[in-house]
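In what follows, a single structure is set out as structure tokens and then discussed.
Per chain, numbering begins at 1; letters A, B, ... match sequence-line order. The model shown is predicted, which means the values in this text are computed figures rather than measured ones.
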2 protein chains.
Amino acid sequence: MRKRVTIYEVADAAGVSVATVSRALNGGRVAPQTRARVLRVAEELGFSPSPAARVLATGKSRAIGVVIPDATGPLYGRMLRGIGLELAQAGYTYLVESSERDPGREARVLRDLSARDVEALVLIGSGLGSEALAEMRRELPELVLVEREGAALEAPMITIDNVAAGERATRHLIEHGHTRIAHVAGPRRAGRERLEGWRRALATAGLEPGPVVEGGFTEAGGYRAAVELAAMGGFTAVFVASDRMALGAYRAFREAGLRVGEDVSVIGFDGLEFGAYLDPPLATLRQPAQQLGQAAARAALAVLRGEHPENVVLSCEIVPRASVRKIGGGGL
Amino acid sequence: MRKRVTIYEVADAAGVSVATVSRALNGGRVAPQTRARVLRVAEELGFSPSPAARVLATGKSRAIGVVIPDATGPLYGRMLRGIGLELAQAGYTYLVESSERDPGREARVLRDLSARDVEALVLIGSGLGSEALAEMRRELPELVLVEREGAALEAPMITIDNVAAGERATRHLIEHGHTRIAHVAGPRRAGRERLEGWRRALATAGLEPGPVVEGGFTEAGGYRAAVELAAMGGFTAVFVASDRMALGAYRAFREAGLRVGEDVSVIGFDGLEFGAYLDPPLATLRQPAQQLGQAAARAALAVLRGEHPENVVLSCEIVPRASVRKIGGGGL
DNA sequence: CTCGCTCGTGTAAGCGCTTACATAGTTCGG
DNA sequence: CCGAACTATGTAAGCGCTTACACGAGCGAG
């Protein structure tokens with residue numbers, strides 16, 4: 001913190017009182033010429049108001065806290081971008097913390113953030129139990145839930161339609177003639193819902209559900225799951241609940257002597273950039289991450305205005321690619 | 001912001017003055033029993049000090065600002081983790097902003113962050129010109145530079161030894177019998193230094209430099225660069241300055257009918273997780289991202305203590321994988 | 001014993017803003 | 001031409017902390 005130029009110096013230089021400077025700066029009632037003069041002087045002096053003083057005086061920090069599960073995920077980066085964009089328009093900023101997918105740490109991070117003067121908290125893909133959250137609820141500021149459950153928390157929820165997207169992904173495989181379709185599932189809400197979508201698509205098409213293995217949303221988990229699947233056989237296509245797991249599955253299938261896109265069709269989920277460069281390019285469902293972030297920010301701002309914004313459900317766009325091929329018969 | 005419990009209420013409840021409460025909380029001179037009582041009462045009341053008031057009173061925010069080039073990069077996520085870890089130990093926190101690799105936006109972000117009461121600013125991989133930065137220097141708080149140039153800025157610099165790492169990568173290829181080695185280069189300081197390392201390794205081995213094409217550190221850029229290289233021919237191995245570009249190169253080579261690890265050896269840079277799952281697994285140099293972050297945070301704290309920390313140069317670890325193969329002769 | 005310390009605590013003055021309230025100057029209907 | 005109703009601005013009281021300074025009590029040295 002360099003030497004601060006305070007509102008007093010601006011007031012002196014402009015020949016008015018600090019109250020007038022404050023009003024000129026914040027859109028209060030001031031004579032147009034006075035405002036112009038104050039603004040010019042402030043500019044000349046390089047005045048920039050002390051956020052701390054402002055927070056103290058107004059009781060509002062114009063900042064919200066965001067908790068993400070993992071600082072290294074590109075999806076979260078995009079959500080943050082969306083949040084930042086939306087918030088900036090309202091003159092708000094945000095503080096991020098990562099829970100590292102550790103519920104204990106998440107609770108700490110929540111407390112920490114709310115002790116830091118944030119007006120609202122956006123929880124993204126949080127893994128904290130709803131009971132635990134409910135319990136902390138009253139010591140926390142306003143909440144907005146992104147991609148996490150919490151119907152009982154009476155906080156706006158922003159989600160993507162995982163069920164529909166899972167169904168869409170599976171239908172894509174079905175449309176390509178596959179009838180024996182496996183699933184590499186993910187954990188938590190998102191994983192369960194995508195699984196449900198897979199189930200529904202199969203049911204709708206009158207197909208028997210194929211094998212399901214859990215992969216924890218990581219490359220390593222996807223690899224292990226696909227190794228297992230490959231050993232079991234009985235499918236010609238697989239819906240993998242995340243692109244990262246799909247990457248692991250690619251390797252597992254390769255090692256099992258199965259050519260993705262030939263012997264086995266694969267569709268992932270998320271729409272991460274690397275998918276387009278794989279061999280074969282990975283079909284996937286693109287998550288509207290940035291829009292999710294924007295919607296979350298909008299909801300947070302609405303809550304702060306005292307409104308009760310509706311829940312938002314966004315849908316994913318399918319990205320067809322060569323990893324899914326029309327089946328000619330055959331299979332495993 | 002829920003109803004605040006202030007220091008006054010704690011003072012009342014504990015039967016002491018606010019000064020005593022403040023001292024008890026911050027390690028001032030207080031009788032041990034008084035301190036114990038104050039702490040207990042504060043705990044009972046759920047007191048948590050207002051950071052705004054504290055900042056206003058002390059003039060120090062215990063927060064530093066961090067500017068990253070891109071919110072979606074896993075490497076930056078790791079650096080932030082390192083920064084957070086180190087800072088937490090000193091009771092500091094940090095605010096992040098992403099410049100989106102836009103110098104204009106970077107300048108805005110810097111101003112914005114410094115207007116937000118940060119005591120220091122850590123610039124990671126910043127693309128802002130040194131002159132521009134020097135010009136803003138005086139309106140900014142203390143600076144720490146990570147992976148960016150700025151020798152003239154008299155700010156501690158934390159970098160990885162790109163030259164050595166580039167040399168190591170190239171030597172790895174040479175050790176596998178390659179003599180005609182191309183390079184897909186990256187932009188900015190990091191790109192130039194890795195290129196320099198490549199050059200040196202070749203010079204040391206008495207080899208002619210192969211073709212060099214710039215790829216902008218993205219998958220798409222790496223793809224384009226490799227398409228170009230494949231058309232030119234004249235090499236059996238290529239050092240690609242980033243894993244993401246290497247991914248693009250994989251596809252380009254594939255499309256050109258070249259098998260990576262057979263017809264052409266590839267070594268990347270960064271050590272991103274996905275590399276292990278590619279076909280063939282991508283040899284690379286692992287960046288000590290988290291350590292970089294920790295070192296940066298340590299440097300920032302040191303500067304705030306009025307010290308003049310030395311520059312830190314970290315080195316990368318080589319990760320040998322199947323994308324680099326012993327050459328049997330042949331080549332293109 | 002008394003003087004001068006040290007210790008523990010309290011008093012009060014800010015830190016840089018915002019804003020309710022007061023005041024002086026204008027404007028205008030009747 | 002007077003008072004009501006504005007308008008533009010100033011005065012001052014906080015917001016919740018920290019901290020310099022003051023003060024009384026207890027204590028060892030002379």
- Item | Minimum side-chain heavy-atom gap V16(A)-R37(A) below 4.5 Å | yes
- Item | Identified side-chain contact (heavy atoms from CB on, under 4.5 Å) partner of L80(B) from the options L75(B), L85(B), V66(B) | V66(B)
- Pairing of E139(B) and R111(B) as salt bridge, 4.0 angstrom limit: yes
- Note on the structure: Heavy-atom contacts, protein to nucleotides 8-17 of chain D, under 4.0 Å, summarised as B (base), S (sugar-phosphate only) or - (none) per nt, yield SBBB--BBBB
- All pairs passing salt bridge (Lys or Arg N to Asp or Glu O under 4.0 Å) where residues 78-99 of chain B contributes a residue, at least two apart: D70(A)-R81(B), E100(A)-R81(B), E86(B)-R298(B), E97(B)-R116(B)
- Message: Under a 4.0 Å threshold between the charged nitrogen and the carboxylate oxygen, would D117(A) count as salt-bridged to R54(B)?
- Response: no
